[in-house]
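Before any comments, here is the structure.
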Amino acid sequence: MKAASLTCGMLILVAAVYLMAFGGNAFTLHMIIHMTIVAVVAPMIAFGVRGKSLGVLVLERVTWLTPLTASLIELVVVMFWHLPQIRLV
């Protein structure tokens, strides 16, 4: 299941990059690609690499950083970034 998730995530990422290269400057297409990468590809790759040693010693010692907690951290950062008051400073 992990290998399939990683493979599918990488294939969708390649397809999204291909669309980005040939999509021109269409904002709608840009946002579809962006949301696909954020909401589909990133979790699939995170699930696919879960439990594997990536050679990063610091991350190997951080046991609380799971795909779920990483997704929650990303959610909070993105939600705060999209608040207009934060960007006006």
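Since this is a predicted model, take the numbers as computed values, not measurements.
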Worksheet entry | Distance-minimising heavy-atom pair for Gly48 and Ser5 | N-OG, 4.1 Å
Practice prompt. Go through the steps to decide whether Met10 and Val14 satisfy the test side chain to side chain contact (heavy atoms under 4.5 Å, CB included), and finish with yes or no.
Written response: CA-CA 6 Å; Met10 295 302 282; Val14 168; 5.6 Å; no
Discussion item. Testing the basics here: between Met44 and Cys8, what is the closest heavy-atom pair and its distance to 0.1 Å?
Written reply: CE-CB, 3.3 Å
Discussion item. Could you tell me if the side chain of Glu74 sits less than 4.5 Å from the side chain of Val38, heavy atoms only?
Written reply: yes
Worksheet item: Roughly how far apart are Leu68 CG and Phe47 CZ, rounded to 0.5 Å?
Response: 12.5 Å
Item to complete: Supply the atom-to-atom distance Met20 CE to Ile37 CD1, rounded to the nearest 0.5 angstrom.
Response: 5.0 Å
Worksheet item: Roughly how far apart are Ile33 CD1 and Ile12 CD1, rounded to 0.5 Å?
Response: 13.0 Å
Item to complete: Looking only at non-hydrogen atoms, find the nearest pair between Leu19 and Leu29 and report the distance.
Response: O-CD2, 4.0 Å
